[in-house]
Amino acid sequence: MSASATRLRRLASVAVAVTACGGAVLLTPPVSSNDRASGHPTVESLRQIINDPSAVVPSRTLQESALIGTKSGPLDILVVGGGATGCGVALDAATRGLRVGLVEREDFSSGTSSRSTKLIHGGVRYLEKAVFGLDYGNLKLVFHALEERKQVIENAPHLCHALPCMTPCFDWFEVVYYWMGLKMYDLVAGRRLLHFSRYYSAQESVELFPTLASKGKGKSLRGTVVYYDGQMNDSRLNVGLACTAALAGAAVLNHAEVVSFLKDEGTQRIIGARIRDNLSGTEGQEFDAYAKVVVNAAGPFCDSVRKMANKDALPMICPSSGVHIVLPDYYSPDGMGLIVPKTKDGRVVFMLPWLGRTIAGTTDSSTSITPLPEPNENEIQFILDAICDYLNVKVRRTDVLSAWSGIRPLAVDPNAKNTESISRDHVVSEEYPGLVTITGGKWTTYRSMAEDAVNAAIKSGKLSPSNECITSNLRLIGGDGWEPSLFTALAQQYVRMKKSDGGKVVPGVMDTAAAKHLSHAYGTLAERVATIAQNENLGKRLAHGYPYLEAEVAYCARNEYCESAIDFIARRSRLAFLDTDAASHALPRIIEILATEHNWDKSRQKEEMQKAKEFLETFKSSKNAHFHDGKHQ
């Protein structure tokens, strides 16, 4: 019997076994205590605070003051790292009634959390491994990821949505294999299912995805199987976590780094950290923040934080580089992605619509850990080569609008007997008293990772939370009450007042593109941005062909801790990731508005421009990269 037939028979037997056992009874996880927490009074009171239309996050100055403490009045938890996990820890702990502080060396989501694939995935590849490896561990990972995927989408509906993903099949075996596998994925999802997968004929597939090649691998297209996963605006979700945590009572501070740990002289337990405020001038003002427990959520940099506590600490991180490129929207239709599970060299390649453009990727290779990773030309060419095999359009290097690299912190458990095995899930560890490290995992599971880290911190510090974890039922800022139709109210009720080059103010229509963008980026708080655009004459677009408005710069400076030009072009808006040339052209006006909001002098404005230009150079678009075009001309 062929290997292909064996794989199909095993897949079929597992599917039959699942059905025979009642499907949902065997494969749908039980309702957790978190699911039953929706009626908790703390949730309702927090919802009122978070979703109060007049609520404003505390100023950066107030947040810094809240962090400065004494031994006699320490925080319960100090979080190091403002990525998805770190901000998730801060929100979880604050909503349990604990006193929480968070510091981030750069900006919220400045590292890996803004450089993801933008997918909230349920782990379909783990399911394949579970079936063919008869591995229940992988199956549990799928259960967990599917549950968390649904919760992420429900808690931030304006920033997350379901995305259909098409898998092309060039022989009938692939049709049957992927159809059965993805139907099993539906079955495992149970009540967490987004939409049912289905098969489309070759003709239907080309109608849905016009640039899909009708011939590939020397064969004709037999059809496609479409399944659903989630998609997000990752950095805006991360910033939303930080702002929600701030409204819940956490003292969050970006551009502030830990320079050393404070230790108890007798027990040597960590009791806080020495922190440098990187926005307080060239020297950097330093202060002490005391805490009963420190949570290390520094992502790829968690080993350097651990070495501050113990210089002999063994590495926990096995860094992996993932490169993505951004192409014009005509490469893929709006609302349909393309995923090839196995290319000719065995890698996964995808093309996904995102914010009006197309993301293609990815690579997975070992790398060194740097603050600003850059994609190399070979990786970009690999992605272009891979997608070229599945498209009927010319794939050109000159079409690359932006390209970036992100470092995924694959974790090795330092307490495991076999340290060679890389964890498929996250790792929580307390090797040094008072320092809890959380690393590994993925964006999809950030909430449960944070829950595990807070549980470990409570145990370590003998803390007394007022309630259990409630984040599974807590919508983020801008999410509660949001409806997809919100943009129509913005378009009908607001105008964009624009100041011309000559100083004359003229009204402009709040067009559908701008209204939809504001609705999805800010949720129910979009009206605040629209009000600034209308009342403060900041309704002009920042870049041609993109919906970003001048009003957003002012809003983010006032309400989202946007402290630099890079903060805005990379994390508050996504211009740097979408189009480096457009971001570069928008910089002078962005800096001008931020200077007004933050009272920058000419020297600071010049410094901001220089730093932002250097930052954009790390995004290897066709405009700022040196390359030999080769066959992609």
Side-chain angles (χ1 to χ4, degrees), residues 56-65 104-110 114 235 239 253-257 275-287 371-372 496-506 529 532-533 535-544 546 548-619 621 623-624:
V56 178
V57 295
S59 69
R60 192 173 187 279
T61 304
L62 284 175
Q63 296 288 56
E64 183 168 328
S65 298
E104 160 58 47
R105 180 175 59 184
E106 298 295 335
D107 182 29
F108 307 121
S109 200
S110 59
S114 63
S235 72
V239 170
L253 195 68
N254 55 353
H255 302 285
E257 68 175 304
I275 296 166
R276 180 189 299 126
D277 181 356
N278 290 329
L279 294 182
S280 60
T282 53
E283 294 296 322
Q285 176 187 340
E286 294 187 1
F287 61 90
L372 278 179
R496 294 188 294 117
M497 302 302 291
K498 302 178 287 184
K499 190 178 287 186
S500 66
D501 294 335
K504 184 180 179 182
V505 177
V506 295
V529 188
I532 296 172
N535 296 349
E536 300 183 32
N537 305 326
L538 292 174
K540 203 171 184 179
R541 276 185 162 82
L542 288 167
H544 178 70
Y546 292 88
Y548 301 108
L549 306 181
E550 294 173 335
E552 295 178 65
V553 186
Y555 175 84
C556 292
R558 298 170 195 174
N559 299 283
E560 293 186 354
Y561 303 113
C562 180
E563 305 294 338
S564 73
I566 296 174
D567 289 356
F568 185 81
I569 61 173
R571 271 89 61 176
R572 304 313 183 279
S573 77
R574 309 314 306 275
L575 266 177
F577 286 82
L578 291 170
D579 190 330
T580 58
D581 197 40
S584 182
H585 282 97
L587 274 174
R589 182 58 178 146
I590 291 169
I591 292 171
E592 184 181 1
I593 298 170
L594 285 174
T596 301
E597 295 295 326
H598 293 314
N599 298 314
W600 290 345
D601 58 20
K602 293 293 183 183
S603 174
R604 174 65 187 272
Q605 292 178 54
K606 185 177 179 181
E607 181 186 352
E608 285 291 321
M609 179 63 77
Q610 180 64 30
K611 285 182 176 178
K613 291 282 189 183
E614 290 173 359
F615 176 79
L616 288 175
E617 285 293 322
T618 67
F619 288 72
S621 70
K623 300 284 185 181
N624 64 13

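Note that the structure is a prediction, hence the values are computed from the model and not measured.
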Salt-bridge test for [X] and [Y]: reply yes if a basic N is under 4.0 Å from a carboxylate O, no otherwise.
X	Y	result
Glu592	Arg589	yes
Arg604	Glu608	yes
Arg276	Glu257	yes

I'd like to check the side-chain contact (heavy atoms from CB on, under 4.5 Å) partners of [X]; sequence neighbours left out, ordered by chain and number.
X	result
Ala554	Ile532, Leu538, Arg558, Ile593, Glu597
Lys504	Ser500, Val506
Ser573	Tyr548, Phe568, Leu575

Can you find a pair of side-chain heavy atoms, one from [X] and one from [Y], that are under 4.5 Å apart?
X	Y	result
Arg574	Ser114	yes
His255	Asp567	yes
Trp600	Lys606	no
Arg60	Asn254	yes
Ser110	Glu104	yes

Are the side chain of [X] and the backbone of [Y] linked by a donor-acceptor contact shorter than 3.5 Å?
X	Y	answer
His598	Cys562	yes
Ser584	Thr580	no
Glu552	Leu549	yes
Arg571	Asp107	no
Arg541	Tyr546	yes

From [X] [atom1] over to [Y] [atom2], what is the distance, rounded to the nearest 0.5 angstrom?
X	Y	atom1	atom2	result
Phe108	Glu560	CZ	CD	10.5 Å
Lys611	Ile591	NZ	CD1	11.5 Å
Thr596	Glu536	OG1	CD	10.5 Å
Ser59	Glu64	OG	CD	10.0 Å
Leu616	Asp579	CG	CG	10.0 Å

